[in-house]
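Read the structure below first, then the notes.
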Amino acid sequence: FQCRSLERVLSEHVVSFRNDGIVRDRDRPSRDETAVVDAVLRESSRECLGRYWPLASRDGGREPHYRDDTFGATLVARLKKPPGA
């Protein structure tokens, strides 16, 4: 990507996650990895929404962080329709 918001994608490589008979190692994430994900999700949980939303929704809040040039790689699932919609 070319910026953190993924508004500018530099290149894209499609990866198939079909099994096609290939056996893959199914290691579980470590406790540290799980703790980091849980902490990120907890920030915007229903219980914390009263603190989170005013910070996340304020005008210009951290906009440069997401829109300035930053090169990196990420895994994105492009959905045709949101789950449960």
Side-chain angles (χ1 to χ4, degrees):
F1 57 84
Q2 215 170 345
C3 66
R4 287 180 184 95
S5 67
L6 303 180
E7 292 173 344
R8 297 187 313 268
V9 176
L10 188 61
S11 68
E12 189 169 311
H13 178 77
V14 177
V15 176
S16 172
F17 287 105
R18 292 186 194 166
N19 190 329
D20 294 331
I22 299 169
V23 177
R24 293 188 172 91
D25 187 9
R26 304 256 184 226
D27 287 343
R28 303 288 303 161
S30 72
R31 285 185 191 178
D32 289 343
E33 292 168 326
T34 303
V36 169
V37 171
D38 289 345
V40 169
L41 294 176
R42 194 175 312 109
E43 284 183 355
S44 60
S45 68
R46 185 175 303 240
E47 295 79 25
C48 297
L49 201 54
R51 285 191 319 265
Y52 174 78
W53 183 245
L55 295 172
S57 64
R58 70 177 184 243
D59 288 344
R62 299 192 67 204
E63 187 172 336
H65 173 78
Y66 293 101
R67 293 209 168 152
D68 287 352
D69 288 342
T70 302
F71 296 95
T74 191
L75 179 63
V76 175
R78 301 217 184 265
L79 305 176
K80 293 181 181 174
K81 185 166 80 169

Handout entry: Heavy-atom neighbours of F1 CZ exceed 12 at 6.0 Å
Key = yes
Practice task
Under 4.5 Å between side-chain heavy atoms, chaining through other members, with only Ile, Leu, Val, Met, Phe, Trp and Tyr counted: pull out the rest of the cluster around V40, sorted by chain and number.
Solution key: none
Problem - Heavy-atom pair of closest approach, residues L49 and P54 - result: O-CD, 4.0 Å
Exercise for the section: Can you run down the salt bridge (Lys or Arg N to Asp or Glu O under 4.0 Å) pairs that involve residues 40-52, sequence neighbours left out, and say none if there aren't any? Expected result: none
N/O donor-acceptor pairs under 3.5 Å from side chains in residues 2-15, not counting sequence neighbours:
| residue | atom | partner | partner atom | Å |
| --- | --- | --- | --- | --- |
| R4 | NH1 | H65 | O | 2.9 |
| R4 | NH1 | T70 | OG1 | 3.2 |
| S5 | OG | E7 | N | 3.3 |
| S5 | OG | E7 | OE1 | 3.4 |
| S5 | OG | Y66 | O | 3.4 |
| E7 | OE1 | R67 | NE | 3.2 |
| E7 | OE2 | R67 | NE | 3.3 |
| E7 | OE2 | R67 | NH2 | 3.1 |
| R8 | NH1 | R67 | O | 3.3 |
| R8 | NH2 | R67 | O | 3.3 |
| R8 | NH2 | D69 | OD1 | 2.6 |
| E12 | OE1 | R78 | NE | 3.4 |
| E12 | OE1 | R78 | NH2 | 3.0 |

Completion exercise
Value for CG (L41) from SG (C48), rounded to nearest 0.5 Å, stands at 11.0 Å
